[in-house]
Amino acid sequence: MQADAEIDIEYKTATRALVTYMMEDPRSITACTHLLFMAKNIERIGDHATNIAENVWYAVNGEPLQAPRKKGDVTADPVMPKLGG
């Protein structure tokens with residue numbers, strides 16, 4: 001579980017590098033696209049493993065973890081203004 005934030009950072013770094021390669025050489029787009037999908041799937045494996053670990057913790061201890069887990073990738077977090085106020 002502790003490595004999930006590190007995996008998120010590695011994923012973000014790899015994504016930026018691959019997008020840079022694609023911009024510099026359009027011939028690399030096909031290969032880089034495959035690598036982007038692979039990197040995302042590896043990142044998701046880390047998320048799933050963390051979820052499993054949290055569920056096991058709850059099953060063994062009968063209570064959720066005390067502290068929320070650190071997230072290295074906050075790009076999926078919604079950034080919405082509060083409506084009405």
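The shown structure was predicted, so the numbers you read here are calculated from the model rather than taken from an experiment. Values reported hereafter were calculated over all heavy atoms of this structure, with side chains retained and with hydrogens, waters and symmetry mates removed.
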Query raised in the report: Hey, what do you get for NZ (K12) to CD (E43), rounding to the nearest 0.5 Å?
Result: 10.5 Å

Report task. Just grab all the salt bridge (charged side-chain N to carboxylate O under 4.0 Å, His left out) pairs involving residues 26-36, residues at least two apart or on different chains. Result -> D25-R27

Report task. Show your working on side-chain contact (heavy atoms from CB on, under 4.5 Å) between I7 and D47 and close with a plain yes or no. Result -> CA-CA 9 Å; I7 291 171; D47 292 340; over 6 Å; no

**Report entry** Atom pair CG/OG1 of D8 and T13 - distance to nearest 0.5 Å
**Finding:** 10.5 Å

Query - Hydrophobic cluster partners of Y21 (side-chain heavy atoms under 4.5 Å) - result: L18, V19, M22, M23, I29, L35, L36, M38

Query raised in the report: Taking only residues two or more places apart in sequence or in another chain, which ones pass side-chain contact (heavy atoms from CB on, under 4.5 Å) with V56?
Result: I52, V60

Query - side chain to side chain donor-acceptor pair (under 3.5 Å) partners of N41, counting only residues at least two apart - result: none

Requested in this report: Grab the two heavy atoms, one from E63 and one from Y58, that are nearest each other, plus how far apart they are.
Outcome: C-CD1, 3.4 Å

Report task. List in chain and number order the residues that pass salt bridge (charged side-chain N to carboxylate O under 4.0 Å, His left out) with R16, two or more places apart in sequence or in another chain; answer none if no residue qualifies. Result -> none

